[in-house]
Number of protein chains: 2
Amino acid sequence: MRDLPLSKVYQLIEPGPVVLLTTALKGRANVMTMSWHMMMDFEPPLLACIVSEANYSFAALRETGECVIAIPAVELALKVVKVGNSSGGDIDKFKTFDLTPAPADRVAAPLVVECYANLECRIIDTGFTDKYDLFVLEVLKAWIDPKQKNPRTIHHRGNGRFVVDGVTIKLKSKMR
Amino acid sequence: MRDLPLSKVYQLIEPGPVVLLTTALKGRANVMTMSWHMMMDFEPPLLACIVSEANYSFAALRETGECVIAIPAVELALKVVKVGNSSGGDIDKFKTFDLTPAPADRVAAPLVVECYANLECRIIDTGFTDKYDLFVLEVLKAWIDPKQKNPRTIHHRGNGRFVVDGVTIKLKSKMR
């Protein structure tokens with residue numbers, strides 16, 4: 001994996017892919033599936049996400065203030081669903097689903113080697129956490145896997161239906 | 001257009017489509033393009049979005065506390081980009097781009113007839129607005145156009161590149 005400039009992070013999150021979120025609490029790593037997230041600012045990249053207090057990851061996220069957001073391509077879809085169907089309170093999801101954790105640079109939470117992009121994040125604002133389970137994250141470092149060419153992401157439509165990226169079109173937008 | 005149960009709204013927003021946001025201030029309607037949004041809760045459906053203070057719509061949104069989020073399919077992509085490239089301070093975007101406003105039920109902001117779904121929203125929390133331009137919206141009423149079968153949405157990848165929905169896959173998820 002190689003560095004991705006922080007100015008390009010929005011291009012990964014803005015399209016709304018299903019992502020994995022990893023945490024590490026007292027040396028124990030965990031991973032969950034998430035798709036309630038959005039960009040909040042370009043650079044430094046800020047994003048918001050909702051992690052329900054019902055999720056096992058909530059305590060680790062809140063206590064450590066750190067996580068990694070890893071973006072899987074469609075080839076990982078089955079594993080992504082299995083991660084979402086289980087709890088880190090019961091099993092070691094990295095081992096059970098054969099996902100490879102790798103050390104991050106700036107946070108204790110691990111990267112997910114099989115994902116085509118990984119974003120190392122720290123929580124910068126918990127003002128909406130008690131009320132909405134919303135975390136504001138700053139991306140400290142971003143990684144991209146140059147070996148995964150044109151990764152197709154998945155987008156959750158509810159009840160296990162996922163739409164997979166189709167064709168890409170280019171239009172004359174003045175938007176960044 | 002017919003009613004969509006509020007419990008299904010997350011299935012429209014969670015996949016991360018580019019949307020239109022309409023407002024009406026003192027009888028004057030406006031529309032902007034947006035893709036920084038996410039679900040926050042299922043029912044009543046809550047969502048968050050970022051509308052920059054630099055957008056002409058910001059003042060109307062803040063002052064009226066209301067908007068409509070309209071979801072276009074790929075057939076409208078060119079108009080969606082033109083809406084994003086221009087400002088309501090200069091032109092009447094509905095007229096200029098031949099989009100049809102229709103009265104909403106619960107808010108003064110108009111529906112966009114050409115969009116396959118329309119969500120009537122009111123702002124319920126501005127606690128993060130000054131700091132992040134973030135609005136928390138409650139969806140009061142949702143509309144779906146049954147004539148638009150299998151609409152394919154678009155997702156912004158930056159600089160005018162949009163990925164169009166491809167195939168839909170079904171996996172055994174326990175997630176709602």
Side-chain angles (χ1 to χ4, degrees), chain A residues 7-18 33-42 46-50 52 74 77-78 80-82 84-86 125 127-128 131-134 136 152-176, chain B residues 7-18 33-42 46-50 52 74 77-78 80-82 84-86 125 127-128 131-134 136 152-176:
Chain A
S7 60
K8 292 193 171 177
V9 164
Y10 79 99
Q11 300 179 0
L12 302 174
I13 294 297
E14 189 170 332
V18 178
T33 300
M34 174 176 82
S35 51
W36 288 10
H37 56 70
M38 68 173 176
M39 287 306 298
M40 292 179 63
D41 209 347
F42 287 108
L46 299 189
L47 52 91
C49 66
I50 306 284
S52 162
V74 63
L78 208 58
V80 167
V81 168
K82 286 175 178 172
N85 284 347
S86 55
D125 199 327
F128 267 7
K131 204 166 178 187
Y132 299 115
D133 293 344
L134 185 152
V136 180
R152 288 182 305 151
T153 62
I154 57 175
H155 308 256
H156 191 223
R157 285 218 164 135
N159 300 312
R161 288 174 304 122
F162 298 85
V163 61
V164 183
D165 287 348
V167 297
T168 297
I169 57 178
K170 180 90 176 73
L171 299 170
K172 283 179 183 160
S173 172
K174 293 180 194 164
M175 290 179 284
R176 182 167 168 184
Chain B
S7 60
K8 292 193 172 176
V9 164
Y10 79 99
Q11 300 179 1
L12 302 174
I13 294 298
E14 188 170 331
V18 178
T33 299
M34 174 176 81
S35 51
W36 288 10
H37 56 69
M38 69 172 176
M39 289 306 299
M40 292 179 63
D41 208 348
F42 287 107
L46 299 189
L47 51 92
C49 67
I50 306 284
S52 162
V74 64
L78 208 57
V80 167
V81 168
K82 286 175 179 171
N85 284 348
S86 55
D125 199 327
F128 267 7
K131 204 166 177 185
Y132 299 115
D133 293 343
L134 184 152
V136 180
R152 288 182 304 150
T153 63
I154 58 175
H155 308 256
H156 191 223
R157 285 219 164 134
N159 300 310
R161 288 174 304 124
F162 298 85
V163 61
V164 183
D165 286 349
V167 297
T168 297
I169 57 178
K170 180 90 176 73
L171 298 170
K172 284 180 182 158
S173 172
K174 292 179 193 165
M175 289 178 284
R176 183 168 169 184

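Because only heavy atoms are used, hydrogens play no part in the values below, and waters and symmetry mates are left out as well, while side chains stay in. Every chain is numbered from 1 and lettered A, B, ... according to where its sequence line falls, protein lines coming before strand lines. This structure is a prediction, so every number in the text was calculated from the model and none was measured.
For Leu12(B), no part lies under 4.5 angstrom from a heavy atom of chain A. For Leu134(A), the part sitting under 4.5 Å from any heavy atom of chain B is the side chain, from C-beta outward, and nothing else. Neither the backbone nor the side chain of Lys82(A) comes within less than 4.5 Å of any heavy atom in chain B. Proximity to chain A (any heavy atom under 4.5 Å) is shown, for Val18(B), by neither the backbone nor the side chain. Heavy atoms of Val74(A) lying under 4.5 Å from chain B belong exclusively to its side chain. Ile13(A) does not touch chain B: none of its heavy atoms, backbone or side chain, sits under 4.5 Å away.
Options Gly158(A), Gly166(A), Pro15(A) differ in how many heavy-atom pairs under 4.5 Å they form with chain B, and the most are formed by Pro15(A). For the set Pro17(B), Gly16(B), Ser52(B), the count of heavy-atom pairs under 4.5 angstrom toward chain A peaks at Gly16(B). Of the residues considered (Thr168(A), Ile50(A), Ile169(A)), Ile169(A) shows the highest number of contacts with chain B, using heavy-atom pairs under 4.5 Å. Comparing Lys174(B), Met175(B), Arg152(B) by how many heavy-atom pairs each has under 4.5 Å with chain A, the most go to Lys174(B). Top candidate by heavy-atom pairs under 4.5 Å with chain B, chosen from Asp133(A), Leu47(A), Asp125(A), is Asp125(A).
The structure places CH2 of Trp36(A) at 6.5 Å from CD of Glu14(B), a figure rounded to the nearest 0.5 Å.
In this structure, the side chains of Val80(A) and Phe162(A) stay at 4.5 Å or more apart for every pair of heavy atoms. Under the 4.5 Å side-chain criterion, counting only non-hydrogen atoms from C-beta, His155(A) is not in contact with Thr153(B).
Under the 3.5 Å distance criterion, the side-chain polar atoms of Thr33(A) are left unmatched by any main-chain donor or acceptor of Val81(A). A donor-acceptor distance shorter than 3.5 angstrom exists from the side chain of Asn85(B) to the backbone of Lys172(A), with no hydrogens or angles considered.
Shown here is Arg161(B), whose CZ atom has more than 12 heavy atoms of other residues, nucleotides or ligands within 6.0 Å.
Heavy-atom minimum distance, Ala48(B) versus Met38(A): CB-CE, 3.6 Å.
Relative orientation of the Tyr10(B) and Phe42(B) rings is perpendicular, given thresholds of 30° and 60° on the angle between their planes.
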